[in-house]
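We count ligands from 1, going down the list as the structure has it; atoms in each ligand are counted the same way.
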Amino acid sequence: MKITILGCGALGRLWAYFLAKNGNDVQGWLKNKKNNININIINTHNVKNSIVLPTNNILHLSNSNLLIVTLKINHIIYALKKIIKFINNNCIILLIYNGIGIEKKLSFIKQPLLIGVTNHAAYKNDEIVYHNYQGLTEIGKINKHITNIQYDFLIKILNLSLPNVVWCKDIYASKLKKLAVNCVVNPLTTIYNCKNGELLKYNKSIFLICKELSYILRHMGIFISTTNLVVITKNVISNTKNNLSSMLQDIKNNKYSEIDYINGYIIKYAKLHNIYVYENIKLFNIIKHKEFNIISCDN
Ligand code: NAP
Ligand code: PAF
């Protein structure tokens with residue numbers, strides 16, 4: 001399959017490496033044009049694998065059968081609008097991102113559009129990607145331009161490269177459950193400046209945030225008890241114990257985080273329905289304060 005990966009950070013490099021290793025014709029698409037990208041991945045057994053892949057070739061982009069977008073949520077619309085005119089009508093566009101809130105703005109995409117929710121955990125430091133957890137990736141559709149046969153074929157290719165990949169009939173529900181976990185793990189790790197695994201000692205905070213989220217999710221039509229959500233969250237924390245959450249990485253790297261689309265999404269929904277979400281607002285304000293300090297230092 002001819003593939004372009006838009007957004008070559010931790011997750012994009014993982015997909016690029018494994019898809020290329022499995023015989024696909026892969027290129028990366030970078031913000032700043034370069035001829036190629038050197039990808040280095042250290043896996044959970046501390047083994048390093050490397051590959052050099054081409055980047056930013058327009059012909060490759062326009063002939064791609066698959067475009068995987070692994071950008072931070074706040075960059076997706078801008079970056080896609082810049083290249084959409086080069087993408088052929090049959091190219092499947094797969095967006096893998098955390099957070100919710102841009103979905104209504106994706107109508108400019110006329111190609112078959114899929115959303116991925118992934119439980120892989122990776123972070124990038126000094127051009128090396130540390131792949132800390134090999135998790136499940138669920139994929140589902142948010143528009144109707146795609147037939148069953150196309151995605152069976154796609155799931156097979158993705159699953160051969162970076163397993164496990166499964167088709168998900170209700171990707172929105174999956175995304176909301178992942179959002180709930182991110183609402184707990186991402187701000188708490190950023191506030192305590194710790195790896196995911198260290199959160200297990202903050203039982204009370206985890207419980208209170210999950211209780212609030214369970215209520216909101218139920219209001220959204222997703223029935224998940226507080227106890228169940230605590231279990232799911234603690235499983236993610238244990239599985240990704242050596243990872244630095246993406247929010248902590250962003251703040252450490254002086255970047256805006258995805259908080260507006262994580263706890264911010266919950267707060268917006270709650271406001272609209274006259275529900276007060278004390279825990280989420282508290283976390284949101286602390287992270288916003290950290291972002292504000294970064295931006296003030298920049299000026
Ligand atoms: P990341 O390491 O920050 O990667 C994003 C990449 O996109 C960066 O290399 C960034 O370059 C690049 N970029 C930004 N604007 C661009 C543009 N206009 N054109 C091309 N490239 C551009 O983030 P990530 O960890 O891979 O995560 C990607 C998404 O997946 C996020 O929504 C994240 O929450 C989600 N996710 C990540 C993981 C994980 O384990 N990493 C797991 C589950 C979900 P610069 O750095 O130069 O700006
Ligand atoms: O955003 C992240 O970092 C990841 O989604 C997760 C699961 C919290 C692991 O670090």
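- Protein heavy atom at the shortest distance from atom 18 (N) of ligand 1 is Ala79 CB, 3.5 Å.
- Residue Val236 has at least one heavy-atom neighbour below 4.0 Å for each of these atoms of ligand 2: 7 (C).
- Contact between Arg13 and ligand 1 is absent, with no heavy atom of the residue lying under 4.0 Å from the ligand.
- Within ligand 2, the atoms closer than 4.0 Å to a non-hydrogen atom of Val185 are 8 (C), numbered from 1 in the order shown.
- Within the 4.0 Å heavy-atom criterion, neither part of Val181 lies near ligand 2.
- Side-chain heavy-atom separations under 4.5 angstrom define the hydrophobic clusters, and Val47 shares its cluster with no other residue.
- Nearest to atom 48 (O) of ligand 1 among the protein's heavy atoms is Lys31 NZ, 2.7 Å.
- With distances taken over non-hydrogen atoms, the option nearest atom 43 (C) of ligand 1 out of Lys178, Lys72, His131, Gln249 is Lys178.
- Between Asn182 and ligand 2, at least one pair of N/O atoms sits closer than 3.5 Å.
- When the heavy atoms of Thr240, Leu71, Asn243 are ranked by distance to atom 7 (O) of ligand 1, first place goes to Leu71.
- Using a 4.0 Å threshold on non-hydrogen atoms, atom 28 (C) of ligand 1 counts as touching the protein.
- Of the protein's heavy atoms, Leu11 CD2, 3.4 Å lies nearest to atom 30 (O) of ligand 1.
- The protein non-hydrogen atom at the shortest distance from atom 40 (O) of ligand 1 is Ala122 N, 2.7 Å.
- Neither the backbone nor the side chain of Met247 comes within 4.0 Å of ligand 2, counting heavy atoms alone.
- For Asn196, every heavy-atom contact with ligand 2 shorter than 4.0 Å involves the side chain, none the backbone.
- Residue Glu258 has at least one N or O atom closer than 3.5 Å to an N or O atom of ligand 1.
- Among protein heavy atoms, the minimum distance from atom 14 (C) of ligand 1 is reached at His75 ND1, 3.6 Å.
- Open room surrounds OH on Tyr78; 12 or fewer heavy atoms of other groups in view lie less than 6.0 Å from it.
- Ligand 2 has an N or O atom lying under 3.5 Å from an N or O atom of Asn186, backbone or side chain.
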